[in-house]
A.B. asks: 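Before anything else, here's the structure in question.
We name chains A, B, ... by the order of the sequence lines, and we start the count at 1 in each one.
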Amino acid sequence: MNNDEIRASLLKRSRASKNELFGKIISGLCIAIIVAVVVSIFYFVASKGLATFFHDKVNLWKFLTGTIWNPSTTDAQGHPQVGALPMIIGSFAVTFLAAIVATPFAIGAAVFMTEISPRIGRKVLQPVIELLVGIPSVVYGFIGLSVVVPFVRHTFGGSGFGILSGTFVLFVMILPTVTSMTVDALNSVPRNYREASLALGATRWQTIYKVVLRASVSGIITAVVFGMSRAFGEALAVQMVIGNAMLLPSNLISPASTLTSVLTMGMGNSVMGSLSNNALWSLALLLLIMPLIFNIIIRWIGKRGAMH
Amino acid sequence: MSKDNNLITVQDLHVYYGQLEALKGVTMNFKKNEITAVIGPSGCGKSTLLKTINRLNDLVANVTVTGTIKVDDQNVYAPNMDAVELRKQVGMLFQQPNPFPFSIYDNVTYGLRISGEKNKTVLDEAVEKSLQAAAIWDEVKDRLHDNALGLSGGQQQRICIARVLATKPKVILMDEPTSALDPISSDKIERTMLKLKEDYSIVIVTRNMQQASRISDRTAFFLAGELIEFGETRDIFMQPQKKETEDYISGRFG
Ligand SMILES: Nc1ncnc2c1ncn2[C@@H]1O[C@H](COP(=O)(O)OP(=O)(O)O)[C@@H](O)[C@H]1O
Ligand SMILES: [Mg+2]
């Protein structure tokens, strides 16, 4: 080959590079569509949700701290009564309580599955967890309604509906997810850390909690925050057991409500464009923003974990 | 300890992984204040020998050990022997530097902390002494609380040495400790070992013949699970008695 031929063949687009261009165009298009969908959902929810404040002139602070939710009526000063605090508190209460209860169980189960008996873990627990993740939330809600609520009623009195029942149902719902993510976190701790620890004369337990758990702290926190973001957004199961009273919860066993339960209950009963409809969109906006915050927290933890 | 300065004695040791016989009747001893090199081709049972001495092989399912190993006159496989206690006396260094993903300080104090030491003065002192003995104090003294994974491979391996030294073992087993490192780091570690010999017994597995001849007092040559030849390093390299040994050190197989 003389120089010119080589030059020509180098300058010509090869088949492979044409294929690559084609692939790039396809994936670029797909990404563009996904971005467009996400942006329009955001835009839609935000424009509706913000209308409460800009169009209906509701004070944001009053919205976040008001305790009476009754959008069709007005208070003494003529302001519409859209105080979301009871639901905000309800949502955060069930979310945090469920996470607090689920974390030790998830860690215990994950330690068993990865460190103590990986064989049983892989053969028995792994499939069970995958099954539990796949159960639709309405089933959890139904079980909660027929088992948990009566149990709470008999044990603690009251109607049985309330934050405690909601916590319990959410705990069972997020446990499999948090567990399997914790298992991944523990499994990603390199084997040779364990060997090093044992060779230094550590017992198996010391190795587990001083090396394995410590080395996977950021992964475990990520798992828990992920579980919390699921719990926060769960609607159906919670709505079935929480009692749906839009009151500031004074204890764990009196009926309460969450952002999601108010939204699902109220959705069908309001007219598009009316204040009560816009107020529901404001709740939806809150529900959209919170997972975003949870996500930012997860990323922040991930980054800090990577730096270590 | 017996008068002949034997710190570890191995008697007719057989190790099986399931059906596979990885060590086939090994009898040898390791002396106090000596560096013993264990050489031989890949798969001949060098790592198995080390892991049998500190009972790290307990973790492998299906392992059978027969024969006796004594460390400082304690029978390692006696029913009342506590493997955790044993491992505190027999430190080990691995091929891949494996510091924990924690601070240098936490790495070096790990062995003491799991034994219940909480006194900060004691821990601080142990950190300085161990890092000095491992010849890395000057390089890290200003960043003891930085993550050990931020160091170079050679520095990490010396942190691992310091981590072992802090527990004051009697023996240090090293399984190809420099094979993953560059020549300059290897050289630093070799010099560290020569100093450590004054206080510790060292068993080093290596596939680097020059390394074995440079630093060890005695050398054991293994082939396919058997101890072929064992003696003064000078003799093994200058006038090997067995043909297999000669073939191996002159690079004819392995
Ligand atoms: N955990 C194990 N399970 C089964 N066989 C093993 C295990 N570890 C080592 N072996 C086998 O035992 C023999 C000796 O291995 P090893 O002691 O690692 O050799 P070396 O360190 O000299 O390369 C090899 O044949 C190897 O395949
Ligand atoms: Mg080996």
A.B. asks: Would B/D106 and A/R214 satisfy salt bridge (charged side-chain N to carboxylate O under 4.0 Å, His left out), going step by step from the backbone distance to the final call?
C.D. replies: CA-CA 12 Å; B/D106 284 0; A/R214 182 170 166 197; 2.7 Å; yes
A.B. asks: Using non-hydrogen atoms and a 4.5 Å limit, figure out which bit of B/F100 sits close to chain A: side chain, backbone, both or neither.
C.D. replies: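 Backbone plus side chain of B/F100, per the 4.5 Å heavy-atom cut-off to chain A.
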A.B. asks: Could you tell me whether B/Y17 atom OH has more than 12 heavy atoms of other residues or ligands within 6.0 Å of it?
C.D. replies: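 More than 12 heavy atoms, drawn from other residues, nucleotides or ligands, come within 6.0 Å of this atom.
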A.B. asks: Do any of residues 46-69 of chain B have a heavy atom less than 4.5 Å from a heavy atom of chain A, and if so, which, in residue order?
C.D. replies: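 Result: B/K51, B/N54, B/L56, B/L59.
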A.B. asks: Which residue out of B/D146, B/V90, B/L173, B/I114 racks up the most heavy-atom pairs below 4.5 Å with chain A?
C.D. replies: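 Looking at each of B/D146, B/V90, B/L173, B/I114 in turn, B/I114 comes out on top.
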A.B. asks: For a 4.5 angstrom cut-off between non-hydrogen side-chain atoms, does A/Y193 reach B/P99?
C.D. replies: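 Not touching, per the 4.5 Å side-chain cut-off.
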A.B. asks: Within a reach of under 6.0 Å around CZ of B/F94, are more than 12 heavy atoms found that belong to other residues, nucleotides or ligands?
C.D. replies: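 Above 12, so yes.
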A.B. asks: Within a radius of less than 6.0 Å around NZ of B/K170, do more than 12 heavy atoms belonging to other residues, nucleotides or ligands occur?
C.D. replies: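 Count over threshold, so yes.
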A.B. asks: Ignoring hydrogens and angles, tell me if any N or O in the side chain of B/N98 forms a donor-acceptor pair with the backbone of A/N192 under 3.5 Å.
C.D. replies: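 Side chain of B/N98 to backbone of A/N192, a donor-acceptor pair under 3.5 Å: yes, one is there.
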A.B. asks: Just so I understand: if I count every heavy-atom pair under 4.5 Å between each of A/Q206, A/R194, A/R204 and chain B, which residue has the most?
C.D. replies: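 Most heavy-atom pairs within the cutoff with chain B belong to A/Q206.
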A.B. asks: Considering all heavy atoms of both residues, which atom of A/A196 and which atom of B/R163 are nearest to each other, and what is their separation?
C.D. replies: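 In terms of heavy atoms, the two residues are closest at CB-NH2, 3.4 Å.
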A.B. asks: Would you compute the distance between atom CE of B/M92 and atom CG of A/L198 and round it to the nearest 0.5 angstrom?
C.D. replies: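 Between atom CE of B/M92 and atom CG of A/L198 there are 12.0 Å.
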A.B. asks: Is any residue of residues 115-134 of chain B within less than 4.5 Å of chain A by heavy atoms, and which ones?
C.D. replies: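 Within residues 115-134 of chain B, no residue comes under 4.5 Å of chain A, counting heavy atoms only.
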A.B. asks: Are A/L200 and B/Y110 side-chain neighbours, meaning at least one heavy-atom pair lies under 4.5 Å?
C.D. replies: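 A side-chain contact under 4.5 Å exists here.
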A.B. asks: Counting only heavy atoms from other residues, nucleotides and ligands, does the tally under 6.0 Å from NZ of B/K31 exceed 12?
C.D. replies: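 Counting other residues, nucleotides and ligands, NZ of B/K31 exceeds 12 neighbours.
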A.B. asks: Minimum heavy-atom separation for B/K88 and A/G201, please, with both atom names.
C.D. replies: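 For B/K88 and A/G201, the tightest heavy-atom pair comes out as CE-O, 3.2 Å.
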A.B. asks: Can you tell me if A/F171 has over 12 outside heavy atoms packed within less than 6.0 Å of its CZ?
C.D. replies: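 Above 12, so yes.
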